[in-house]
Amino acid sequence: TGGSFLRATSTVRLDGVGAQSVTSAGAAFYTLIVTNSGRTVTFSDVVTAETLRDESVHMTFSGGITGTHVRVYSSEGAITLSFGASTISQVQDLFLLGEAGKIITLVSSAPATQWDLNLLRRPCVRYVNVMDSDAGGGQAVHPYMSTDSGNNVNWDFVATVLAWDGSASTDFSDAAN
């Protein structure tokens with residue numbers, strides 16, 4: 001409860017055994033790491049951070065996210081990220097790194113009301129389940145091994161994902177690679 005910090009190049013780590021609620025009051029984080037797995041951390045206003053890293057934590061972003069580097073991992077189990085209905089999240093580099101059986105679910109706080117996602121660069125997204133997201137304000141999302149639960153814009157769940165392996169030659173344009 002309480003506390004203050006200087007943004008500069010500081011790192012703030014949220015860890016613990018219970019649910020947590022954070023109000024930034026407009027202050028920006030430099031690096032914010034959330035590690036209290038299996039619990040929910042609720043941000044009551046916009047989260048602004050140079051780097052935001054979620055290590056298998058359920059999170060609610062009531063006011064959305066503004067971030068340069070946002071990385072979410074689900075290595076310890078399935079997690080849910082809930083976004084305030086009609087909020088705008090703007091992210092430069094987004095990595096949603098779910099795993100088989102450890103899906104990252106993205107939802108709106110009000111079912112059937114979209115939350116906006118503006119991506120400044122192409123994201124890396126795998127093993128997610130998405131509902132009520134409008135990513136039309138930025139780069140398209142081509143999630144790998146993911147589920148479209150409906151009401152999503154600019155999410156391409158049927159895109160073919162190709163990986164170059166270099167097994168035939170060192171020529172990147174060789175289709176055999």
Is it true that [Y] and [X] share a donor-acceptor pair across their side chains at a distance under 3.5 Å?
X	Y	value
Asp45	Ser62	no
Thr23	Ser44	yes
Asp171	Ser169	no

Between [X] and [Y], is any pair of side-chain heavy atoms under 4.5 Å apart?
X	Y	value
Val153	Gln114	yes
Thr66	Val46	yes
Glu76	Lys102	no
Trp155	Asp134	no
Leu14	Leu32	yes

What are the two closest heavy atoms between [X] and [Y], and how far apart are they?
X	Y	answer
Ala176	Ala168	CB-CB, 3.5 Å
Leu97	Cys124	CD2-SG, 3.9 Å
Met131	Trp115	O-NE1, 3.6 Å
Tyr30	Ser10	CB-O, 3.3 Å
Ile33	Glu55	CG2-OE2, 4.0 Å
Val141	Ala135	CG2-CB, 4.2 Å

Grouping I, L, V, M, F, W and Y whenever their side-chain heavy atoms are under 4.5 Å apart, do [X] and [Y] come out in a common cluster?
X	Y	answer
Val72	Val22	yes
Phe95	Val47	no
Phe61	Leu119	yes

If only atom types and distance count, is the side chain of [X] paired as donor or acceptor with the main-chain N or O of [Y] below 3.5 Å?
X	Y	value
Asn152	Ser133	yes
Thr40	Ala19	no
Gln139	Asn118	no
Asn177	Asp165	no
Asp54	Val57	yes
Asn154	Gly138	yes

Distance (rounded to the nearest 0.5 Å) between [X] [atom1] and [Y] [atom2]:
X	Y	atom1	atom2	value
Ile103	Ser146	CD1	OG	7.0 Å
Met59	Asn36	CE	CG	9.5 Å
Thr35	Tyr73	OG1	OH	13.5 Å
Glu99	Ile104	CD	CD1	8.5 Å
His58	Arg39	NE2	CZ	9.5 Å

Run the side-chain donor-acceptor check on residues 77-91: report pairs under 3.5 Å with partners two or more places apart or on a different chain.
{"residue": "Thr87", "atom": "OG1", "partner": "Gly84", "partner atom": "O", "Å": "2.6"}
{"residue": "Ser89", "atom": "OG", "partner": "Ile65", "partner atom": "N", "Å": "3.0"}

Sequence neighbours left out, what pairs pass side chain to side chain donor-acceptor pair (under 3.5 Å) with at least one residue falling in residues 119-132? Asp93-Arg121, Asn129-Ser149, Asp132-Asn151
Can you list the residues that meet the side-chain hydrogen bond (donor to acceptor under 3.5 Å, both in side chains) rule with Ser75, with sequence neighbours excluded? none
The test is side-chain contact (heavy atoms from CB on, under 4.5 Å); show your working for Thr105 and Thr147 and say whether it passes. CA-CA 9 Å; Thr105 299; Thr147 302; over 6 Å; no
